Amino acid sequence: MPELPEVETVVRDLRESLVGRTFQSVRIGRKRLRRPWSSAWNRQLIGCTVAGVQRRGKWILIDLGGPWLVAHLGMTGQLRVVPTIAPRQDHTHVIGCLDRGLELRFRDPRRFGSISYFADQAGVDAFFTADRLGPEPFALDPAGWRESLKRTRRCLKAVLLDQTVIAGVGNIYADEALFEARLHPTLTANGVTLHQADALRRAVVRVLKRAIARRGSTIRDYLDGNGKAGGYQHEFRVYGRTGQPCSRCKTPVASIRLAGRSTHFCSGCQRA
DNA sequence: ACAGGATCCTGGGGGC
DNA sequence: TGCCCCCAGGATCCTG
């Protein structure tokens with residue numbers, strides 16, 4: 001569910017609510033996550049104070065001043081700081097009990113997400129190698145991006161979803177960026193012109209920034225770090241708008257399956 | 001090597 | 001109301 005704008009929103013919220021808090025104990029549910037929580041980490045966490053919260057791609061990094069917590073929200077994950085007395089929802093898998101009567105809760109109905117403990121920075125660095133995560137969209141080197149496209153015969157949609165090429169883009173923002181750049185999702189990456197490659201890179205950045213400004217998109221499950229919905233779903237141009245007229249040219253928005261994901265585009269504005 | 005498909009899950013919505 | 005099928009914002013493993 002959550003892509004870069006949603007994760008960025010959660011990270012900003014957690015900075016407000018989590019920095020300065022100290023873990024006093026940890027409680028764990030029975031069901032295993034994508035990357036199982038090790039009970040050995042419970043003791044390690046006790047006494048750790050949160051120094052900062054960062055984002056890398058769709059990953060949330062909680063800085064404990066040496067050790068780190070690294071979380072991924074998968075499709076339905078939520079990470080929130082709530083009062084201890086707040087009712088505990090279903091599918092709450094990890095609870096970090098904090099000072100001041102607060103808890104950090106990781107909730108995830110589908111359990112495609114995860115939260116893991118790393119003892120030090122080196123462990124985090126070893127996890128985020130280039131074969132797992134590529135450059136941030138906002139720091140993407142234009143020449144490097146062009147090279148990445150030149151290097152593959154996959155379609156543009158598949159490349160945008162590849163976290164090792166560009167970190168943080170998911171199914172919604174891939175479709176929205178391709179519309180913004182007026183590029184057809186099936187175009188072969190190594191066939192686009194330099195101008196088109198640049199246009200796509202800039203479109204990704206614009207769409208992501210707009211979505212962050214609206215605190216992400218809520219279709220069904222996504223909630224920010226305060227438990228509130230985002231607003232960018234009201235600004236979708238193609239995603240989830242199959243059959244509705246394109247806001248630019250009135251051609252009905254088309255939907256196909258690409259790289260295993262539903263893909264939305266306007267055949268009038270985005271030429272194959 | 002690379003591209004595409006299957007897989008891990010739960011829950012909601014549509015059709016019957 | 002219930003059942004069955006399909007679908008969903010992601011990452012990773014397997015196959016051809």
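Each chain gets a letter, A, B and so on, in the order the sequences are listed, and its residues count up from 1. Scope of the values below: all heavy atoms of this structure, side chains included, with no hydrogens, waters or symmetry mates. This one's a predicted model, so the numbers in the text were calculated from it and none came from an experiment.
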**Q.** ring pair (Phe, Tyr, Trp, His ring centres under 6.0 Å), paired with A:F118, selected from A:W41, A:W59, A:F128, A:F127
**A.**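 Only one of A:W41, A:W59, A:F128, A:F127 forms a ring pair (Phe, Tyr, Trp, His ring centres under 6.0 Å) with A:F118, namely A:F127.
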Q. Just by distance, with hydrogens left out, do A:H184 and A:T186 show a side-chain donor and acceptor under 3.5 Å apart?
A.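 A pair is found: one side chain offers a donor N or O, the other an acceptor, under 3.5 Å apart.
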Q.
With a 4.0 Å cutoff (strictly under), does any side-chain N or O of A:S262 reach OP1 or OP2 of C:dG9?
A.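 Answer yes for this pair, as a side-chain N or O of A:S262 is under 4.0 Å from OP1 or OP2.
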Q: Check whether any side-chain N or O of A:K58 sits under 4.0 Å from OP1 or OP2 of C:dA11, and answer yes or no.
A: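 Checking A:K58 against C:dA11: at least one side-chain N or O falls below 4.0 Å of OP1 or OP2.
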Which protein N or O atoms sit under 3.5 Å from an N or O of nucleotides 13-16 of chain C?
none

Q.
Rounded to the nearest 0.5 Å, what separates atom CG in A:L140 from atom OG in A:S148?
A.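 Taking CG in A:L140 and OG in A:S148, the distance rounds to 7.0 Å.
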Q. With a 3.5 Å cut-off and just heavy-atom distances, do the side chain of A:R110 and the base of B:dC9 make a donor-acceptor pair?
A.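 For A:R110, whose side chain was compared with the base of B:dC9, there is a donor-acceptor pair (under 3.5 Å).
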Q: Give a yes or no on whether a donor-acceptor pair under 3.5 Å exists between the nucleobase atoms of B:dA3, that is its base, and the side chain of A:R153.
A: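 Donor-acceptor pair under 3.5 Å: no.
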Q. For A:R220, which contact category applies under a 4.0 Å heavy-atom criterion: base, sugar-phosphate, or nothing?
A.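 The residue A:R220 makes base contact.
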Q. Looking for any heavy atom pair under 4.0 Å, which part of the strands does A:Y173 touch: base, sugar-phosphate only, or nothing?
A.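 Nothing, no heavy atom under 4.0 Å.
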Q. Is it true that A:R80 and A:D13 have a side-chain N and a carboxylate O under 4.0 angstrom from each other?
A.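 No, this pair does not count.
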Q: In plain terms, say whether A:E176 and A:R241 are close enough for a salt bridge, that is, a side-chain N and a carboxylate O under 4.0 Å apart.
A: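 So A:E176 does not pair with A:R241 through a salt bridge.
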(Q) Check for me: is A:F112 stacked on C:dG10 by the 5.5 Å centroid and 30° plane-angle rule? (A)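 According to the criterion (under 5.5 Å, under 30°), yes, A:F112 stacks.
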**Q.** Whole-angstrom distance between C:dC3 and B:dC9, as gauged at atom P
**A.**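 My reading of the P atoms in C:dC3 and B:dC9 gives 23 Å.
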**Q.** 5'-to-3' dot-bracket of DNA chain C (Watson-Crick, G-U; under 3.5 angstrom; crossing pairs as [ ]; | other strand)
**A.** .|||||||.|||||||
